[in-house]
2 protein chains.
Amino acid sequence: MSISTAPSRFNSKLTSQCQNCSLSALCLPIALADEDINRLDQIIERKRPLKKGEILFHQGQAFDSVFAVRTGTLKTFNITASGEEQITGFYCPSELVGLSGIDNNSYPITAKALETTTVCEIPFSHLENLTSQIPSLKHQLFRVMSRKISDDQQMMVLLGKKNADEKVASFLLNLSNRFKKRGYSATSFRLAMSRGEVGNYLGLAVETVSRVMTRFQKNELIEVDGKEISIINLSEMQKLVGIADDCARIADI
Amino acid sequence: MSISTAPSRFNSKLTSQCQNCSLSALCLPIALADEDINRLDQIIERKRPLKKGEILFHQGQAFDSVFAVRTGTLKTFNITASGEEQITGFYCPSELVGLSGIDNNSYPITAKALETTTVCEIPFSHLENLTSQIPSLKHQLFRVMSRKISDDQQMMVLLGKKNADEKVASFLLNLSNRFKKRGYSATSFRLAMSRGEVGNYLGLAVETVSRVMTRFQKNELIEVDGKEISIINLSEMQKLVGIADDCARIADI
DNA sequence: AGCAAGTTTTGATCTATATCATGAAGCCAC
DNA sequence: GTGGCTTCATGATATAGATCAAAACTTGCT
């Protein structure tokens, strides 16, 4: 079982963990040869699970590693001048957190578990060394970072140009696509984050998020039961975010 | 003279162009040995200047190169579902544009000159090959991308949490710092972009940008004469953006 | 189970900023 | 230099979404 809740910290096991991990098709190992996956596997530390609310790394802390989420969900945020928290992203299984720490050798954000979460720790200096031996891993890493840059730019479009309905619809479709990519239902899922966190992330007040969702439910676009969301009318939702061009993109992470 | 307005397209010259470029301390060559700079130099094509309004690359176009701005200014934007342009960034000399194209092998944004602009074209496949031979170049590239990720996240904070005054102040201080880093005055500079473009970028209406600037002038924070801006009261401006922590960061690109 | 603390929903009101409208000032082409 | 076009400034008005308030629900704790 590649995703266990209490994996050993080191992995000198019979078989490669990455190789068996159901996420390897989405995570860094993508397009690596078996022997290369083993090499990657050897630098990865699998840590004990984080409980809800626990912190993976702090804003300002020295950077050594990037982390791949295996199970659960993380949020990243930074604390603004006025002391409020501004959420900059949510991370689902197979997604890589911490890349923004490379530049300055310290994390510019804090990463916190929204629920019980397991991660693979990838010491960056090892990873970087390994990219010298495995060009496709290097390319993969450039791609992951490039993707992050374009996703964040789509997020800037969302924050700068969209109204509350479009923001919430984009958010839900984005999650839907991420779940789908991982083999879960695209139309029925559970939000790991509170309404407040959604609002914070989207630049909206809690009350607005709540009202928009209620209205979406009335209009039979979605069905809401607490944190459980079902998308009833996918095509109408897509119309809302303007699926035509770039927004297809943001909904397709 | 390393920055000329009509450099030859190829560079089999006596001396390395990168080596002589006054931007090399800010651009990719940072921390490269002389011989490595020469190797980097050999893959770079110096293109004819773009005139105001000319396009460097189009959204959707196949990705081959990243570009370093040598002189002038670029903006990048994408066209939203509703057909409007959303500006995602402005690029000054020494800054690298096009990194977001790596992921998908096509540029997700359009890059357009705001004034006469010269760029160095760096074919990405060559650059990537070169990183195999020059580990510090690879590291440098990771850093540049990482920096872009954290800068964009600061931009998300700006768009999601700041009011009009804070947005405009952050924008001006950000430019100020970028000019300063290049050896220009930090307190007196010319905006290459129109009020409309500033507003588009910051998620504000043109009128709001205009009003905020007028008010800043009345309050003797800045002096405005068309596109010429002087920052009169730097510390007050810094207070406005909340220089305390993270915002120091965004003002320090 | 039962109580306290947090979260979500819903309603009423307020406000920052968008939008609309107009005139002034720059800027380019001929 | 003059006419036409774009950008900028400023006033008047409208509105999306914030804020305030309070009730209904969840969740976790002993």
Side-chain angles (χ1 to χ4, degrees), chain A residues 51-54 75 80 82 84-87 112-116 158-172 190-219 222-229 240, chain B residues 51-54 73 75 80 82 84-87 112 114-116 158-172 190-219 222-229 240:
Chain A
K51 278 180 293 189
K52 179 173 175 169
E54 278 190 297
K75 68 173 172 183
T80 67
S82 38
E84 339 161 67
E85 148 179 342
Q86 164 69 45
I87 296 174
K112 194 175 201 173
L114 291 179
E115 56 190 327
T116 302
L158 178 144
L159 289 168
K161 286 270 174 303
K162 298 192 178 184
N163 65 26
D165 283 17
E166 292 165 344
K167 285 179 178 182
V168 173
S170 301
F171 177 72
L172 293 175
R190 176 167 220 285
L191 300 178
M193 63 294 288
S194 71
R195 301 286 191 273
E197 287 166 329
V198 174
N200 181 303
Y201 179 59
L202 297 177
L204 295 173
V206 204
E207 295 93 324
T208 305
V209 174
S210 180
R211 278 187 253 265
V212 170
M213 285 195 172
T214 305
R215 187 150 31 77
F216 280 1
Q217 170 149 253
K218 266 191 199 121
N219 297 342
I222 63 177
E223 213 163 77
V224 185
D225 175 20
K227 307 223 160 193
E228 296 291 336
I229 304 284
L240 245 176
Chain B
K51 277 180 295 189
K52 180 174 175 169
E54 278 191 297
T73 319
K75 68 173 171 183
T80 68
S82 38
E84 340 160 68
E85 151 179 338
Q86 165 69 44
I87 296 175
K112 194 175 200 172
L114 291 180
E115 55 190 327
T116 303
L158 179 144
L159 290 168
K161 286 270 175 300
K162 298 192 177 183
N163 65 27
D165 284 15
E166 294 165 341
K167 284 179 178 181
V168 174
S170 301
F171 177 71
L172 293 176
R190 176 166 221 284
L191 300 178
M193 63 294 289
S194 70
R195 302 285 191 274
E197 287 165 330
V198 174
N200 180 305
Y201 179 59
L202 298 177
L204 295 173
V206 205
E207 296 93 325
T208 305
V209 174
S210 181
R211 278 187 253 265
V212 170
M213 286 194 170
T214 305
R215 187 150 32 75
F216 280 1
Q217 171 150 252
K218 266 190 199 126
N219 298 341
I222 62 177
E223 213 162 77
V224 186
D225 175 19
K227 306 224 163 194
E228 295 293 336
I229 304 284
L240 246 177

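Per chain, numbering begins at 1; letters A, B, ... match sequence-line order. Note that the structure is predicted; figures quoted are calculated from it, not measured.
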Checking side-chain polar atoms at under 3.5 Å, does B:T80 have a donor or acceptor matched by the opposite partner on A:K161? no
Heavy-atom protein contacts under 4.0 Å, nucleotides 10-17 of chain C, coded B base, S sugar-phosphate only, - none: BBB----S
Expressed as a whole number of angstroms, how long is the span from [X]:[atom1] to [N]:[atom2]?
| X | N | atom1 | atom2 | answer |
| --- | --- | --- | --- | --- |
| A:I229 | C:dT8 | CD1 | C1' | 12 Å |
| B:D225 | C:dA24 | CG | P | 19 Å |
| A:M193 | C:dT8 | CE | C1' | 16 Å |
| A:K161 | C:dA18 | NZ | P | 10 Å |
| B:R215 | D:dG11 | CZ | P | 13 Å |
| A:E228 | D:dT27 | CD | C1' | 16 Å |
| B:M213 | C:dA25 | CE | P | 20 Å |

At 4.0 Å (heavy atoms only), tell me whether A:G226 reaches a base, stays on the sugar-phosphate, or touches nothing.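 Touches nothing.
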Going by side-chain contact (heavy atoms from CB on, under 4.5 Å), B:Q217 matches just one of B:D225, B:V224, B:I229. Which one? B:V224
Does the side chain of [Y] come within less than 4.5 Å of [X]'s, by heavy atoms?
| X | Y | answer |
| --- | --- | --- |
| B:V209 | B:F171 | no |
| A:R190 | A:E115 | no |
| B:V168 | B:L204 | yes |
| B:R215 | B:D165 | yes |

Just wondering, more than 12 heavy atoms not from B:E223 lying within 6.0 Å of its CD? no
Around A:K52, counting heavy atoms of other residues, nucleotides and ligands shown, do more than 12 lie under 6.0 Å from its NZ?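 It does not: A:K52 NZ has 12 such atoms or fewer within range.
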For the pair B:E85 and B:K75, find out whether any cationic side-chain nitrogen is under 4.0 Å from an anionic carboxylate oxygen. yes
Any N/O pairs under 3.5 Å between the protein and nucleotides 2-7 of chain C? List them or say none.
none

